[in-house]
Amino acid sequence: MRLRTPATLVLISALLAIALPILLSIYLARKEGLRAEQRTALTYAREVLHRSDSTADQIEVGIAALTAANAGAPCSPKNIALMGKIDLASSYIQAIVHMSGNQVECSSLGKELNGLNLGPVDLVQPSGVRLRTHVLLPFAPQTMFMTIESHGYAAIIHKDLAIDVLTDTKNASLAILSAGQRKVLAARGFVDPQWLDALAGNKSTKGKKEARLVDDDYVVAVAVSSRYLFAAVCALPVSQLDMRVRRSALILVPVGLLAGLLLAFAVVYWGKWQSAMPAVIRAALRRNEFFLRYQPIVDLRNGRWIGAEALIRWQPARGEAVGPDIFIPVAEECGLIGRITERVVDLVGRDAVVLFREHPDFHVGINLSATDLHDAATVDLLRRLEQDGQAEPRNFMIEATERCLMEPEIAGTTLRRLRERGYRLAVDDFGTGYSSLSYLGNLAFDLLKIDKSFVDAIDTGAATSEVVPHLIEMARALKLEMIAEGVETEAQASYLRAHGVQYAQGWLFARPMPLDELLAALNRQYENEAQPA
Ligand code: C2E
Ligand code: CA
Ligand code: CA
């Protein structure tokens, strides 16, 4: 598909700007919802396992005490009394019995259970522990019990003891399983023993191994005890997650929509601004809304102002000033940079009349863009400076960024002709472009302007700070003088001075200023120097 107009592009960007934040917010809501749901499931699974472990602890301790106390006579009155005491002291155990095969021989509950057949064992764990999972007792026919038997003693507990966990989530499935055989011992809701597969490979921490998974319809958490052969499972229906997502989407979508609308508004505004820009710049040129500020270049060795860079400013009749960082790239893109450079040259030419009459050794830096360097007419344009301003080419320093020099064969022609006429040449923003030492050597520049980003990095420990000495070294090897740009602190100035950088420009010394301020300062400098020491 070919996009015919920038308007289509702007529209598509605007639609994307609305849709993307919303889709993103729903995606994030689901992700966050899933995480929250898994956290909840894991909390319940842990609680089930904790109850199961505590029960197993009580049974283990109780049976160990009984076997130790009365190995030979398990149903002696003394031992039965001990059973009673252990039963009473254990919060989870309902009764302790001694078995003879499947029959109760004696119990902590008196004689009532004696002779009762508890039925066959359902499961024998590798540790030898025998489990009956469906036990009914005559005095509580409504309640299902479980027995856990070892060394002939069996503890009777409520079947649902471990899963009797209060959940604030409806439809939560809970289960306790025999870990090895994957047999469900007690469960509430749907449970798939295969979920325990998720534990494979998971690390064991704090006495348990845990895993989380999402099955088709369930968000699942499993935890297996590392002390006993039990595993706990909690599963929450995915439908609940969807509800949660809907709830957070209810909050996030309006926020996304608002963000999207703002973004879309910005995109449309930016698009309009971009397409209106050429006309606006033309109008600004017609209305003379551009003017210059001069920022001094200082000799670091003695503090003298030896030159100044001309920096263009734009103050529209209505509205705020627009910085060159914004309109220069736009002007380059829409083919108006030539007109701007022409305006700069005319403005500099006008100022040069006064400036160089009084300060013939001073120089003014003029920024050229890549388009200017590719245009043969630029050399003729700059000749206006010589005719209008009673100035000589050596009074001007042409600043060309490294990026301008990407096609050195073309840009080189203009620069070489300027050089031949006697203009000084400087590489602007040195270090940020695609520097090739060969063009630096071939084009015979006078100066390198070390970019502000490197000056900023001085003494910060940042990776770029290590580049500064290399840049300085490179300039020295090429026999080029240096101007450090954007010097803001005394520490930066001392560093640069100590490393042999000759000149600097930056707020530490002076901000860009109008011509009359520059002239006043230069006159003061001249008078000071004229005074006998
Ligand atoms: P540049 O040529 O690197 O100019 C230096 C920029 O750094 C200027 O910003 C200047 O005001 C700023 N600067 C100087 N010292 C300091 C300092 O100590 N701290 C900070 N934070 N900034 C400092 P400005 O005037 O906004 O110019 C931005 C860019 O716009 C220039 O970068 C140049 O690329 C372009 N530009 C400015 N005037 C012209 C022009 O007449 N023609 C062309 N083609 N481009 C221009
Ligand atoms: Ca510059
Ligand atoms: Ca620069």
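One-based numbering, in listed order, for ligands and for the atoms of each.
Looking at Asp372 next to ligand 1, no N or O pair under 3.5 Å apart turns up. Remark: ligand 1 and Glu485 share an N or O pair separated by less than 3.5 Å (distance only, no angle test). In terms of polar-atom proximity, defined here as any N/O pair under 3.5 Å, Ile312 does make such a contact with ligand 1. Between Glu399 and ligand 1, no N or O atom pair is found at a separation short of 3.5 Å.
In summary, the side chains of Arg343 and Asn288 do present a donor paired with an acceptor at a separation below 3.5 Å, with no hydrogens or angles considered. Between the side chains of Asp215 and Gln194, not a single donor N or O lies within less than 3.5 Å of an accepting N or O. Checked by atom type, the side-chain pair Asp192/Tyr218 shows no donor-acceptor distance below 3.5 Å. Side-chain contact, Ser239 with Asp242: no donor N or O sits under 3.5 Å from an acceptor N or O.
By the 6.0 Å contact criterion, CD on Glu333 is open, its count of non-hydrogen atoms from other residues, nucleotides or ligands being 12 or less. Applying the 6.0 Å contact sphere to CD of Glu320 captures no more than 12 heavy atoms from other residues, nucleotides or ligands.
With a 4.0 Å cut-off on non-hydrogen atoms, Ile340 does not touch ligand 1 at all. By the criterion of a heavy-atom distance under 4.0 Å, the side chain of Asp428, and not its backbone, is placed next to ligand 1. Within the 4.0 Å heavy-atom criterion, the part of Ile328 lying near ligand 1 is the side chain and not the backbone. Contacts between Arg293 and ligand 1, counted as non-hydrogen atom pairs separated by less than 4.0 Å, are absent for every part of the residue.
The N, O or S atom of Asp429 lying closest to the Ca ion (ligand 3) is OD1. Note on Glu309: its N/O/S atom closest to the Ca ion (ligand 2) is OE2. Within Asp428, the N, O or S atom lying nearest to the Ca ion (ligand 3) carries the name OD1. No other N/O/S atom of Glu399 lies as close to the Ca ion (ligand 2) as OE1 does. Looking at Glu485 and the Ca ion (ligand 3) together, the shortest N, O or S contact belongs to OE2.
Within ligand 1, counting atoms from 1 as listed, the ones closer than 4.0 Å to a heavy atom of Gly486 are 15 (N), 16 (C), 17 (C), 18 (O). Near Asp325, with a cut-off below 4.0 Å to any heavy atom, the atoms of ligand 1 are 28 (C), 29 (C), 30 (O). Counting the atoms of ligand 1 from 1 in the order shown, those under 4.0 Å from a heavy atom of Gly506 are 15 (N), 18 (O). Remark: ligand 1 atoms within the under-4.0 Å shell around heavy atoms of Pro512 are 11 (O). Within ligand 1, counting atoms from 1 as listed, the ones closer than 4.0 Å to a heavy atom of Glu488 are 17 (C), 18 (O), 19 (N), 20 (C), 21 (N). Contact atoms of ligand 1 toward Asp429: 3 (O) (distance under 4.0 Å to a heavy atom of the residue).
With rounding to the nearest 0.5 Å, the separation of CZ in Arg304 from CD1 in Ile306 is 8.5 Å. Note that SG of Cys334 is 10.5 Å distant from CZ of Arg339, once rounded to the nearest 0.5 Å. Going from atom CD of Glu488 over to atom CD1 of Ile458 covers 11.5 Å, rounded to the nearest 0.5 Å. Taken from CG in Asp429 to CG in Asp451, the straight-line distance is 4.5 Å, to the nearest 0.5 Å. Atom CZ in Arg417 sits 9.5 Å away from atom OG1 in Thr378 (nearest 0.5 Å).
Using a 4.0 Å threshold on non-hydrogen atoms, atom 34 (O) of ligand 1 does not count as touching the protein. At a distance under 4.0 Å, no protein heavy atom can be found next to atom 6 (C) of ligand 1. Protein heavy atoms are absent from the 4.0 Å sphere centred on atom 31 (C) of ligand 1. For atom 9 (O) of ligand 1, the protein comes within 4.0 Å by no heavy atom at all. By the definition of a contact as any protein heavy atom under 4.0 Å away, atom 40 (C) of ligand 1 is in contact.
Between the choices Phe509, Trp507, Phe327, the shortest heavy-atom distance to atom 23 (C) of ligand 1 belongs to Trp507. If you check each of Ala504, Pro324, Ala400, Ala426 against atom 27 (O) of ligand 1, the one with the closest non-hydrogen atom is Pro324. Comparing Asn367, Val487, Ile366 by heavy-atom distance to atom 42 (N) of ligand 1, the nearest is Asn367.
The main-chain N or O of Ala520 is never found under 3.5 Å from a side-chain atom of Asn523 such that the two would form a donor-acceptor pair. Side chain of His50 to backbone of Arg46: no donor-acceptor contact under 3.5 angstrom is found.
Checked against a 6.0 Å centroid threshold, the rings of Phe430 and Phe445 do not count as neighbours. Taking the ring centroids of Phe509 and Tyr503, they lie at or beyond the 6.0 Å cut-off.
With respect to atom 14 (C) of ligand 1, the closest heavy atom belonging to the protein is Gln295 OE1, 2.9 Å.
Looking at Ile366 and Glu399, their side chains never come closer than 4.5 Å, going by heavy atoms from C-beta outward. Looking only at side-chain heavy atoms (C-beta outward), Leu522 and Trp305 come within less than 4.5 Å of each other.
For a distance bound of 3.0 Å, the N, O or S atoms of Thr401 include none lying that close to the Ca ion (ligand 2).
Within the 4.0 Å heavy-atom cutoff, Lys449 does not count among the residues contacting ligand 1. Using a 4.0 Å heavy-atom cutoff, Glu309 is listed among the residues neighbouring ligand 1. Proximity of Gly323 to ligand 1 is not established, as no heavy-atom distance is less than 4.0 Å. At least one heavy atom of Arg313 sits less than 4.0 Å from an atom of ligand 1.
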For this session: Could you give me the CA-CA distance, side-chain angles and deciding distance for Glu32 and Arg35, then say whether salt bridge (charged side-chain N to carboxylate O under 4.0 Å, His left out) is met?
Result: CA-CA 5 Å; Glu32 176 46 38; Arg35 213 179 295 147; 3.5 Å; yes
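One finds no salt bridge joining Glu386 and Arg383 here, because no Lys/Arg side-chain nitrogen approaches an Asp/Glu carboxylate oxygen to under 4.0 Å.
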